[in-house]
Q: 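Take this structure first; my questions come after.
Computed from heavy atoms alone, side chains included, the values below leave out hydrogens, waters and symmetry copies. Since the model is a prediction, treat every value here as computed from it, not as a measurement. Lettering follows sequence order; numbering is per chain, from 1.
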There are 2 protein chains.
Amino acid sequence: MDAIAEPPPEEASTIADRVFGQLRQAIVEGGIAPGAKISEPEMAARLGISRGPLREAMRCLESTNLVERRPNLGARVITLSSEQLIEIYLIREALEGLAARLAAERMSAAGIADLKELLAQHRAEIVLECWQAYVQKEGDMDFHYRIVQGSGNQRLIGILCDDLYHLARMYRCKFGMVSDRARDALKEHELILDAIAERDGELAELMMRRHIRASRRNVERRLATDTTTQPRTDP
Amino acid sequence: MDAIAEPPPEEASTIADRVFGQLRQAIVEGGIAPGAKISEPEMAARLGISRGPLREAMRCLESTNLVERRPNLGARVITLSSEQLIEIYLIREALEGLAARLAAERMSAAGIADLKELLAQHRAEIVLECWQAYVQKEGDMDFHYRIVQGSGNQRLIGILCDDLYHLARMYRCKFGMVSDRARDALKEHELILDAIAERDGELAELMMRRHIRASRRNVERRLATDTTTQPRTDP
DNA sequence: TCCATTAAAAGTGTCGACACTTTAGCTAAA
DNA sequence: TTTAGCTAAAGTGTCGACACTTTTAATGGA
């Protein structure tokens, strides 16, 4: 198996940066299993680079909480627990609520129009019966991603888009999340966008928090009852 | 001048980790000026190490947003703007509000007792007329730090204690913040702690958000009127 | 057979050296 | 004098090699 993808079209000017992106993608999408040890000589050989840039990339992965490193013992991909997933939902509720409020105040009219188009497209997909794909595929994250971008708060964008969203995606790839909440989620997205379009920051924040809270409770319910959503423990 | 402190008592087992801590402290406390370029050969020589571990430490500093690195151009300490300071306050309001709510639900009785003692000590200091020191010295941050720790949310702790608090301290070292809000802040702290002690998460969150909002507005007011709090632009 | 000791192998941490890029300074022409 | 081009210096990015630590395997004794 070839767990690490080829250098993506947009080439980073330095090997360490490129490898960081490659490894992050491989980890998030499951190409490198959670808990797996990453041997520096082996990985460097597989990537055709030396250990120097690889170690720099590993440091970045450690800083973004995708690998855990212990001195003299090496690095392992983090393992996913349902507790950590809930932790992330709680943080997202707080931060994306803020993002929605700021987006309502500062997002450009063009950005809002784009989002309306995106939601229209999602609505069409749901009607076409392939609606399971809505939340499952990156449609949901795409919506959230754009609102965070629209907040204009660079540090907020960094925390959510550079760190938490990759983790959230990792969970989605690991647990086979097939959401039954697509219709509700789309409706909630529309309410959020309406509030943003009317520049009602207070309402946008309230709606976003309620939306993420509903997602979290949905996950909590599944975790409590459905054993198939437990993380697989690959040998 | 010797901008970089000696290895702190608690020795990290690897050079890169230790140097990361040293450089972070030097940057936060102003030993290395904002905007200053960090030359790898020069810094490595000053620290008596080679460039390998230094580069790893720089990568970590970049991940924590304390330095900005551009390929082939080197790394510079970030510059502080009042806009970014406000960004941080907004994020803290959201996240520490969450932390206060979780702390009210999960903090140990012993932890609450310790906090009460801390506030009593702060109250005594204020009465002793050296009350300017309260917010200025790390007393304020100490209180916030413990509440975040009390939340038990590991990822929340990481975001606030590993990243944002160092930035906040950097701002405090740079702008000569002599707060006139010590008495108000202490009162607010007491209200927050009361809510936590009564396990009233909703109220604790509300009070914490209000407290941080008040701090932000205080800063905004100063930034608007007082030119002495503008960041110094060292040559 | 089982456990302790020990030697070898693998792996991480660190260093010095080299290639390529960027910058600074200098020369020369307009 | 100014500016364009060129050259040398400095700096970053990358690599291979070595030292020390951890793990594995083997050997020996009980």
Q: Strictly below 4.0 Å: does A/Ser39 bring a side-chain N or O up to OP1 or OP2 of C/dA10?
A: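 Answer is no, no contact under 4.0 Å.
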
Q: Which of the following nucleotides, D/dG11, C/dT14, D/dT14, is nearest to the side chain of A/Ile15?
A: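 Of D/dG11, C/dT14, D/dT14, D/dT14 is nearest to the side chain of A/Ile15.
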
Q: Let me know the distance between CZ of B/Arg70 and P of D/dG11, rounded to the nearest Å.
A: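 It is 17 Å, rounded to the nearest whole Å.
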
Q: In terms of side-chain heavy atoms of A/Asn72, which of C/dT12, D/dT12, C/dT14 is nearest?
A: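 Looking only at heavy atoms from C-beta outward on A/Asn72, the closest nucleotide is C/dT12.
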
Q: Just say parallel, tilted or perpendicular for the rings of A/His189 and A/His144, cut-offs at 30° and 60°.
A: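 The arrangement is perpendicular - the two ring planes meet at more than 60°.
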
Q: Grab the CD-C1' distance between A/Glu56 and C/dC15 for me, whole Å please.
A: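 Whole-Å distance recorded here is 15 Å.
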
Q: List the steps, then state whether side-chain contact (heavy atoms from CB on, under 4.5 Å) holds for B/Glu68 with B/Thr79.
A: CA-CA 9 Å; B/Glu68 286 173 343; B/Thr79 56; 5.8 Å; no

Q: What is the distance, to the nearest angstrom, from the CZ atom on A/Arg59 to the P atom on C/dT12?
A: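 Computing the A/Arg59:CZ to C/dT12:P distance gives 13 Å.
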
Q: Taking only the side-chain heavy atoms of B/Pro53 (C-beta and beyond), determine which of D/dG13, C/dC15, C/dG13 contains the nearest atom.
A: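 Of D/dG13, C/dC15, C/dG13, C/dC15 is nearest to the side chain of B/Pro53.
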
Q: Side chain of A/Arg59, backbone of B/Cys60: donor and acceptor closer than 3.5 Å?
A: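 No, A/Arg59 side chain to B/Cys60 backbone: no donor-acceptor pair under 3.5 Å.
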
Q: Take atom CZ of B/Arg55 and atom P of C/dG16, then tell me their distance rounded to the nearest Å.
A: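 It works out to 16 Å between those atoms.
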
Q: Hey, is the side chain of A/Arg51 pairing donor to acceptor with the base of C/dG11 inside 3.5 Å?
A: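 Result: no qualifying N/O pair found.
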
Q: NA contact type, A/Gly74, heavy-atom cut-off 4.0 Å: base, sugar-phosphate, or nothing?
A: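 Sugar-phosphate: the residue A/Gly74, judged by heavy atoms under 4.0 Å, touches backbone atoms but no base.
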
Q: Are the side chain of A/Tyr171 and the backbone of A/Ser81 linked by a donor-acceptor contact shorter than 3.5 Å?
A: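 Looks like yes, one N/O pair under 3.5 Å.
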
Q: Just to be sure I understand the rule, does A/Leu54 reach a base, reach only the sugar-phosphate, or reach nothing, if contact means heavy atoms closer than 4.0 Å?
A: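 It contacts nothing in the nucleic acid.
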
Q: Would you kindly give the CD1-to-P distance between B/Ile38 and D/dA10, to the nearest whole Å?
A: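 My rounded result for the distance is 20 Å.
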
Q: Nearest of D/dT14, C/dG11, D/dT23 to any side-chain atom of A/Ser50?
A: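 Closest of the options to the side chain of A/Ser50: D/dT14.
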
Q: Can a donor-acceptor pair be found, under 3.5 Å and without considering hydrogens, that links the side chain of B/Glu87 to the backbone of A/Arg155?
A: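 Checked: pair present.
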
Q: How many whole angstroms separate atom CD of A/Glu40 from atom P of C/dT12?
A: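 Going from CD in A/Glu40 over to P in C/dT12 covers 5 Å.
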
Q: Phosphate oxygens OP1/OP2 of C/dT12: is one of them under 4.0 Å from a side-chain N or O of A/Lys37?
A: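 For A/Lys37, the contact criterion (side-chain N or O under 4.0 Å from OP1 or OP2 of C/dT12) is met.
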
Q: Quick check on DNA chain C: between A/Glu42 and B/Ile49, whose nearest nucleotide comes earlier from the 5' end?
A: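 Per heavy-atom nearest nucleotide, the more 5' residue is A/Glu42.
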
Q: C/dT12 C1' sits how many Å from A/Arg76 CZ, rounded?
A: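 Between C1' of C/dT12 and CZ of A/Arg76: 14 Å.
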
Q: Rounded to whole Å, how long is the line connecting atom CG of B/Leu47 with atom P of C/dT14?
A: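 Rounded to the whole Å, the gap is 13 Å.
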
